[in-house]
Amino acid sequence: MAHRGFAFPPMFFLLGLFWFLPPASAQMTNRIGKFSGTCQTETLGREFITSYMEDCGNSSQFEVQITGYFAFTSVSVSISNYTGDGAKFENKTMVNQGEMVPVRLPESVGVKGSTKFSKVVLVKADKDISVVSVSNKHVSPETTVLYPVSSLGNEHYVVTPFTESFKSYPEFSIITYQEPNSVDVHVKGKLHYLTQVYSTGNKLGIKLPSFQGIQLQGIEDLSGTRIVSEKPVAVLVGQVCFCNSTKCNHVFEQLLPVCSWGTTYIIPPLPWQKVDDIVYITASQSTTVLYQRGDKQENVTLTGGNALQLPVKPSIPVYISANVGIQVVFYSLGAAIPNSSHAFLMNVPDVASYCLMYSINEQEGFENFALMVANTSETGAIILDNQPLRDVEWNRVPGTEFVWGMHTLGPAMRSHAVEHASSPFALLSVGTAAMDSYGIPGSCRKDVTFKCQTETQQIREQLKKCRDVFQQGNTSEFCSFMNSTLVNLETMCAEDRAASLEEVARPFGSLLNSSFLSAGGTESKRDVASAVTFLLRSVELAALTVALRSPEKKTQNVTTECMAIETLLIPAASRCDGVFRLRGQEETMDIHCNAVTRAATEDPWAVAFISYSTLDSIINTTLLDEGDLMADEKMRNFHLNSRVVSGAIGDGRPMYLSRPVNFTLHHRQAKKEEEETRCVHWKFIAGKGTWAEDGCKSLQTNSTHTICSCDHLSSFALLMGHTGVEVVCAVIAGFLHYLFLACFTWMFLEGLHLFLTVRNLKVVNYTSASRFKKRFMYPFGYGFPALVVAISAAVNPGGYGTSNHCWLSLERGFHWSFLGPICAIILINLTFFIVTLWILRDKLSSLNEDVSTLKDTRLLTFKAIAQLFILGCTWSLGLFQVGSAKMVMAYLFSIVNSLQGAFIFLVHCLLNRQVREEYRRWIKGTRKPSPTTQTFSPSVSTVATNTKVVSWGVPSTSSL
């Protein structure tokens with residue numbers, strides 16, 4: 001199996017479909033038919049051994065890729081008897097559920113030539129993992145699945161791909177585990193070891209100490225060579241440097257033992273292949289084999305040790321059957337330029353090993369395909385990621401009741417679940433790219449009645465953080481809590497036995513009393529929210545698991561100090577028209593028996609209802625004081641006034657509610673008339689927990705109880721708070737919005753009038769200016785802000801008022817209905833100010849020398865600076881309240897902008913000559929009629945020349 005690069009998580013690693021699995025020793029894979037042997041090979045385990053055979057080229061990169069199925073899985077990767085760099089090699093890591101962690105190995109681990117070696121790679125874990133071995137070289141990557149020690153066997157038959165290149169030769173390795181072993185190699189072909197050459201019929205006896213192996217290389221094809229060992233061994237086969245359709249590259253594969261061989265195989269064709277591929281059929285005894293390619297059949301009799309090589313034509317499926325077990329290995333020869341792809345080896349699954357459930361991964365940069373073989377009458381029931389599989393053209397496999405089909409996947413790294421409710425099928429994940437290709441048999445999953453699927457992207461991030469904490473040797477209350485929760489859940493989900501609800505309530509109840517939740521420890525509030533989310537989900541899954549594993553008990557219930565749980569088991573394909581009521585403490589859940597939309601199934605499904613005694617107080621005291629745990633800002637003044645309850649349904653398959661579920665929640669404190677209740681559910685979004693109303697509504701409420709109706713199942717509670725204050729706050733926020741916009745609108749008009757006046761450089765008639773102001777400026781100055789507020793309120797009427805301030809909400813960007821106009825006005829006024837100064841600079845410089853000797857130059861400068869305040873430009877300081885200077889800028893913003901009114905009074909009143917004259921006359925009691933038209937100076941003194949008078953402004957507008 002080849003793959004580009006060395007970060008390849010194989011498809012059977014279930015990356016992203018986080019299903020807990022039982023230990024390898026307890027797994028019983030779904031099978032139809034019978035194996036000819038006595039063992040079944042699994043891909044999950046806790047101990048693995050491998051080696052790295054010689055490949056072409058001088059520089060290689062070796063690694064093992066480890067995928068976990070349980071959180072906090074400790075893994076150790078070591079090399080026995082390794083003395084490179086003067087030290088032992090051991091890499092300890094941690095892998096979480098659904099994660100793939102690569103571990104790079106030293107280049108010196110590679111084995112050269114026919115020789116014994118002690119550099120055996122050991123992988124050990126405290127929980128089940130999957131491992132892929134990668135030997136990577138430039139345009140020559142190759143991978144193989146490693147089978148755990150528990151799946152190794154005592155008898156193998158070698159298959160070595162044939163090549164005519166003089167640069168390459170076949171090879172195989174035999175590796176023993178922790179006990180000394182005796183191995184007999186019955187040679188077929190020709191190989192050399194030490195100073196001798198062994199040919200067909202020779203037997204090579206080998207004594208291997210523990211954790212050692214032997215690599216043997218052939219002079220010619222070694223296919224059919226038999227390996228018999230006293231104790232189980234791992235056997236790798238391959239070709240040092242295969243050169244055929246592509247540039248030379250290394251191929252290798254770990255063989256399956258004879259005891260796991262099957263009798264019936266189907267090989268669907270590769271979608272991109274244009275040339276013949278090869279299938280190797282190996283027999284361990286006298287065997288009759290039927291080989292059917294399309295409608296053409298062949299019957300072949302093989303003797304023990306025969307390795308039959310037959311072609312696989314493009315676009316034509318192959319059907320193989322035998323009277324006893326045979327080994328079938330598919331060998332893709334690759335393709336030449338321009339559609340170049342690499343060669344790879346792949347074990348073909350036999351029909352008896354077909355199962356109901358697989359997972360596959362798209363590989364980034366590849367054109368990915370899912371090749372399927374299914375019963376002809378069952379193809380319509382195959383689902384991909386919980387959706388019916390569409391757009392698949394099914395083709396008959398002649399001579400069988402099966403068909404094969406291909407589904408094109410995407411080019412990005414993504415995991416998929418493919419399953420059928422009752423009919424086993426086969427799945428191969430294959431892909432091609434420039435100078436590369438891969439092929440992997442599907443990973444058969446046990447058909448468990450329930451899958452403990454708990455993880456979300458946020459939870460995965462938290463688990464990754466904990467892995468880093470543990471690997472650094474540090475401690476964390478949050479990580480310890482998560483680990484304890486997962487251990488409890490794994491215990492319930494991994495053990496294939498009946499259990500009681502007491503076994504759920506007791507360990508999870510102790511976690512509810514932990515100091516981490518009640519006090520938060522040294523952890524952040526968001527860590528507490530993450531832990532609460534995971535705990536809620538885990539209790540639901542554990543309760544459903546107990547119900548499904550006890551079919552003889554239709555109902556179960558338990559009440560402890562921390563929680564009350566009741567479960568109900570619904571018989572398979574039951575028809576009813578009633579409502580089930582589940583009760584926990586003083587709360588109830590009513591669910592219609594037809595509320596669940598699901599496919600017809602012979603399996604029962606379960607309902608669970610949990611009422612938590614103390615969780616509401618934990619959330620109230622530990623989380624709600626942070627002020628950001630409400631999805632709706634207006635709900636942040638509310639408080640929890642009920643127990644937290646959870647509802648869940650499950651039978652191991654996706655279920656959707658066709659009818660709402662009703663919850664009756666008891667009030668912790670009696671509801672007052674002026675208080676409002678909100679039915680909410682718990683959400684964990686963007687790393688924080690929130691209470692949200694979407695999907696829930698209140699049907700009925702009184703002083704002691706509220707009935708909530710929700711269209712989904714989750715964890716629910718009641719929020720209660722006063723609503724009258726909210727209305728007043730919203731009105732205040734609306735008025736403030738209008739008044740601030742009006743102020744800035746008049747600042748804009750101020751800047752516009754100043755700019756037009758200076759640009760015209762002429763005497764302005766006061767009466768005309770007054771008429772202009774009343775006709776145009778008043779309607780715009782007060783109408784524009786009213787229009788903005790009206791539109792804002794119509795678009796988002798709930799945007800006025802927050803939990804802490806009677807101001808605009810930050811949700812949905814509503815605050816930009818204020819900031820948008822404000823920023824625009826500040827920029828425009830700043831432009832007006834700069835242009836005005838520029839015009840005055842040019843104009844004043846053209847006047848006579850008296851201008852440069854004015855006594856009022858300082859006053860002119862002061863009034864120019866004052867215009868920055870009057871035009872509102874200083875409000876831009878508010879945009880810089882970020883980072884470390886936030887507090888300084890906040891003080892500066894408040895101080896500077898509080899002086900705006902003072903500068904308006906100074907410029908327009910005290911420093912305006914006309915206004916001062918009016919004040920003087922008013923104080924003296926003089927009432928002299930003023931002329932109809934008046935000429936004003938630049939509000940400092942008249943800048944006189946022999947020819948004209950320059951005016952900068954008009955009364956009650958702006959004056960520099």
Side-chain angles (χ1 to χ4, degrees), residues 627-628 630-638 674 676 721-752 773 777-830 866-882 886-905 908 956 958:
D628 65 347
M630 299 297 176
D632 184 350
E633 286 189 13
K634 290 187 176 180
M635 293 164 57
R636 292 182 182 173
N637 286 324
F638 283 59
E674 66 273 15
E676 181 182 354
H722 295 270
T723 58
V725 177
E726 293 181 9
V727 177
V728 176
C729 185
V731 172
I732 293 174
F735 271 113
L736 287 176
H737 189 197
Y738 173 78
L739 294 175
F740 274 115
L741 285 178
C743 289
F744 274 91
T745 303
W746 279 102
M747 292 178 199
F748 163 73
L749 294 174
E750 178 86 4
L752 175 64
K773 183 185 301 183
M777 300 177 79
Y778 286 169
F780 184 82
Y782 295 112
F784 172 74
L787 179 63
V788 173
V789 172
I791 294 175
S792 301
V795 172
N796 185 12
Y800 288 100
T802 69
S803 61
N804 299 319
H805 308 286
C806 295
W807 184 231
L808 307 186
S809 169
L810 299 180
E811 293 181 356
R812 297 167 54 186
F814 187 72
H815 56 295
W816 283 102
S817 62
F818 172 72
L819 291 181
I822 297 313
C823 291
I825 290 173
I826 290 175
L827 290 175
I828 293 172
N829 277 358
L830 188 59
Q867 283 295 338
L868 283 172
F869 292 81
I870 296 174
L871 297 180
C873 298
T874 53
W875 279 69
S876 60
L877 293 174
L879 301 176
F880 299 99
Q881 295 184 33
V882 293
K886 179 178 180 179
M887 188 60 65
V888 175
M889 297 305 298
Y891 276 104
L892 187 61
F893 173 85
S894 301
I895 294 172
V896 170
N897 287 301
S898 65
L899 299 176
Q900 187 177 27
F903 279 107
I904 292 175
F905 177 73
H908 288 297
S956 70
S958 66

Open item on the list: Within this structure, what is the CD-CE distance for the pair E750 and M777, rounded to the nearest 0.5 Å?
Closed with: 7.5 Å

Task: Over 12 foreign heavy atoms within 6.0 Å of CZ, F735 - done: no

TODO: Show your working on side chain to side chain contact (heavy atoms under 4.5 Å, CB included) between L808 and W816 and close with a plain yes or no.
DONE: CA-CA 9 Å; L808 307 186; W816 283 102; over 6 Å; no

- [ ] For P821 and L741, work out which heavy atoms get closest and say how close.
- [x] CB-CD2, 4.0 Å

Open item on the list: Please confirm whether the ring centroid of W807 lies under 6.0 Å from the ring centroid of F818.
Closed with: yes

Open item on the list: Under the rule for ring pair (Phe, Tyr, Trp, His ring centres under 6.0 Å), what residues qualify as partners of Y782, not counting sequence neighbours?
Closed with: W746

TODO: Please check if atom CZ in F740 has more than 12 non-hydrogen atoms from other residues, nucleotides or ligands closer than 6.0 Å.
DONE: no

Open item on the list: Tell me if a side-chain donor or acceptor on N829 pairs with a main-chain N or O of M747 at a distance below 3.5 Å.
Closed with: yes

Task: Closest contact, heavy atoms only, C806 versus I732 - done: CB-CG2, 4.0 Å

TODO: Supply the atom-to-atom distance C823 SG to I828 CD1, rounded to the nearest 0.5 angstrom.
DONE: 11.0 Å

TODO: Please name the residue in the list Y778, F744, F780 that meets the side-chain contact (heavy atoms from CB on, under 4.5 Å) test with L749.
DONE: F780

Task: Over all atoms of both residues, closest heavy-atom pair of T745 and P785 - done: OG1-CD, 3.7 Å

Task: Separation of S809 OG from N796 CG (nearest 0.5 Å) - done: 7.0 Å

Task: Those residues that, when tested against F905, pass ring pair (Phe, Tyr, Trp, His ring centres under 6.0 Å) (two or more places apart) - done: none

TODO: Taking all non-hydrogen atoms of both residues into account, name the closest pair between S792 and Y800 and its distance.
DONE: CB-OH, 3.6 Å

